[in-house]
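This report concerns only the one structure given below.
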There are 2 protein chains.
Amino acid sequence: MNFDDKIPIYYQIKEYIYRQIITGKLEPGEKIPAVRQLAVDLTVNVNTIQRALSELVTEKMIESKRGRGNFVTEDINKVKELKGKLIMEQLKQMYDSLRKLNVSDQEILDYVSQYINKQERDQK
Amino acid sequence: MNFDDKIPIYYQIKEYIYRQIITGKLEPGEKIPAVRQLAVDLTVNVNTIQRALSELVTEKMIESKRGRGNFVTEDINKVKELKGKLIMEQLKQMYDSLRKLNVSDQEILDYVSQYINKQERDQK
DNA sequence: ACTAGTGTTATATTCGTCTATTACACTATA
DNA sequence: TATAGTGTAATAGACGAATATAACACTAGT
């Protein structure tokens, strides 16, 4: 994993797990890799993994079963809500940042449209 | 100022100054408020201001004149480049984040369009 | 009952950020 | 030339994040 050194690692791991759940790489009820395994995979300390997971437990995105493992919530609505929330956060951040740079609504839309066209061109 | 506790304050101050320059609140060649004044205004320590400004000096976005103050670069192209760079960073971050959530290019465009329409409605 | 696999907790250490404080260096001007 | 205003630098302390390491608690399967 490529971590941004401006943001706490445990927080970025949280977002990583969010993505796994939202994209279905981890399905509802599925067992999450063991904390020691995650620590190896992400090359961080077990305590750092634990810090991330414990917050996910608090949010009830995962359930922790001592001796057995951590499991993704069965609550499908919760997953959908999370996805919507994360999308909105991204939109808001982009929008607010550009507005603070005096970019108009129309310009923002144009920039995004151009950016996406470029991505599609570069893809092939 | 409202600082995000997940990101170093000195870094957020850097971005704050960027915005002042880009939006023309600080014009090319203009003197930046004194470090002690900035410290009071932003309610942070002088050293934290200094940390931000010293990076801006390294990037040649500002020029420091001992005993006189800090001054915005006269290089207008540099300012324009900075604005473009910051805009691109925002677009990229939003785009990459949503793509990681399996949101398609078309959906991204729709979301942004809807979001902007909502902002315009809420504005009045 | 043992053991391997799992989550949980705790300690000590290092590191970066931020603060408070003090001191020093330079400039402009009264 | 004295002084107020400016940037610069250094110290010591507090704090959170992350690490290495160890120990503890529970579960499932042999």
Side-chain angles (χ1 to χ4, degrees), chain A residues 1-18 20-21 25-74, chain B residues 1-18 20-21 25-74:
Chain A
M1 277 273 278
N2 275 347
F3 294 114
D4 180 340
D5 66 6
K6 299 278 190 309
I7 300 172
I9 294 175
Y10 80 88
Y11 190 81
Q12 297 179 63
I13 292 175
K14 236 180 105 172
E15 294 181 316
Y16 169 75
I17 307 280
Y18 278 157
Q20 303 288 303
I21 295 176
K25 291 191 185 73
L26 286 174
E27 297 183 348
E30 187 177 348
K31 181 169 176 295
I32 291 172
V35 290
R36 288 173 184 78
Q37 187 59 48
L38 279 175
V40 171
D41 294 347
L42 305 181
T43 57
V44 297
N45 190 272
V46 175
N47 290 322
T48 306
I49 298 290
Q50 195 64 20
R51 170 80 186 265
L53 295 188
S54 74
E55 295 204 0
L56 292 173
V57 168
T58 301
E59 298 167 11
K60 294 199 200 309
M61 282 309 302
I62 68 175
E63 201 174 339
S64 175
K65 303 192 178 175
R66 199 190 189 91
R68 298 189 49 213
N70 289 289
F71 300 83
V72 178
T73 178
E74 305 266 12
Chain B
M1 276 274 278
N2 275 348
F3 293 114
D4 180 340
D5 66 8
K6 299 276 190 310
I7 301 172
I9 294 176
Y10 80 87
Y11 191 80
Q12 297 179 63
I13 292 175
K14 234 179 107 174
E15 294 181 317
Y16 169 76
I17 307 279
Y18 278 158
Q20 302 289 304
I21 295 176
K25 290 191 187 73
L26 286 174
E27 297 185 347
E30 186 178 348
K31 181 170 177 295
I32 291 172
V35 291
R36 288 174 184 78
Q37 186 59 48
L38 279 175
V40 171
D41 293 347
L42 306 181
T43 56
V44 297
N45 191 272
V46 175
N47 290 322
T48 306
I49 299 290
Q50 194 64 21
R51 171 80 185 263
L53 294 188
S54 74
E55 294 203 1
L56 293 172
V57 168
T58 302
E59 298 167 10
K60 295 200 202 305
M61 283 307 304
I62 69 174
E63 201 175 339
S64 175
K65 303 192 177 176
R66 200 188 188 91
R68 298 190 48 214
N70 289 288
F71 300 83
V72 177
T73 178
E74 305 265 12

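A quick note: this is a predicted structure, and the numbers were derived from the prediction, not measured. Chain letters run A, B, ... following the sequence lines, proteins first, then strands; residues in each count from 1. Heavy atoms only: backbone and side chains are in, while hydrogens, waters and symmetry mates are out.
Within 4.0 Å (heavy atoms only), R68(B) reaches sugar-phosphate atoms of the nucleic acid but no base atom. Residue D5(A) is out of contact with every strand shown, counting any heavy-atom pair closer than 4.0 Å.
The V46(B) side chain lies nearest to dT8(D) when the options are dA25(D), dT8(D), dT17(C). If you check dT27(D), dG7(C), dT19(C) against the side chain of V44(B), the one that comes closest is dT19(C). For N45(B), the listed nucleotide lying nearest its side chain is dA20(C); candidates were dA20(C), dA18(D), dT8(D).
Here T48(B) does not reach the OP1 or OP2 of dT17(C): none of its side-chain N or O atoms lies under 4.0 Å away. Within the structure, every side-chain polar atom (N or O) of N47(A) is placed at least 4.0 Å from both OP1 and OP2 of dA17(D). In terms of phosphate contacts, R51(B) brings a side-chain nitrogen or oxygen within less than 4.0 Å of OP1 or OP2 of dT17(C). Distances shorter than 4.0 Å separate some side-chain N or O of Y10(B) from OP1 or OP2 on dT17(C).
Residues K60(B) and T73(B) fail the side-chain proximity criterion, which asks for heavy atoms closer than 4.5 Å. Contact check for N47(B) versus Y10(B): no side-chain heavy atoms found under the 4.5 Å cut-off.
A straight line from CD1 of I49(A) to P of dT9(C) spans 16 Å, rounded to a whole angstrom. To the nearest angstrom, P of dG16(C) lies 16 Å from CG of D4(A). Between L53(B) atom CG and dC18(C) atom P there is a gap of 14 Å when expressed in whole angstrom units. Distance NZ (K65(A)) to P (dG7(C)): 13 Å, rounded to an integer number of Å. Across the protein-nucleic acid pair, E55(B) atom CD and dT17(C) atom P stand 9 Å apart, rounded to whole Å. Residue N70(A) contributes atom CG, which lies 17 Å from atom P of dG5(C) at whole-angstrom precision. Taking atom CD of Q50(A) as the reference point, atom C1' of dA23(D) lies 14 Å away to the nearest angstrom. Rounded to whole angstrom, the span from the CD1 atom of I62(B) across to the P atom of dT6(D) amounts to 15 Å.
Residues meeting the side chain to side chain donor-acceptor pair (under 3.5 Å) test with S64(A), sequence neighbours left out: N70(A).
Toward the 5' end of DNA chain D, the nearer of the two residues I7(A) and A34(B), judged by each one's closest nucleotide, is A34(B).
Closest non-hydrogen pair, P8(A) versus K6(B), comes out as CD-O, 3.4 Å.
Rounding to the nearest 0.5 Å gives a distance of 12.0 Å between CD of Q20(B) and CD of E27(B).
Under 3.5 Å, the side chain of R36(B) and the base of dG5(D) form no donor-acceptor pair of N or O atoms.
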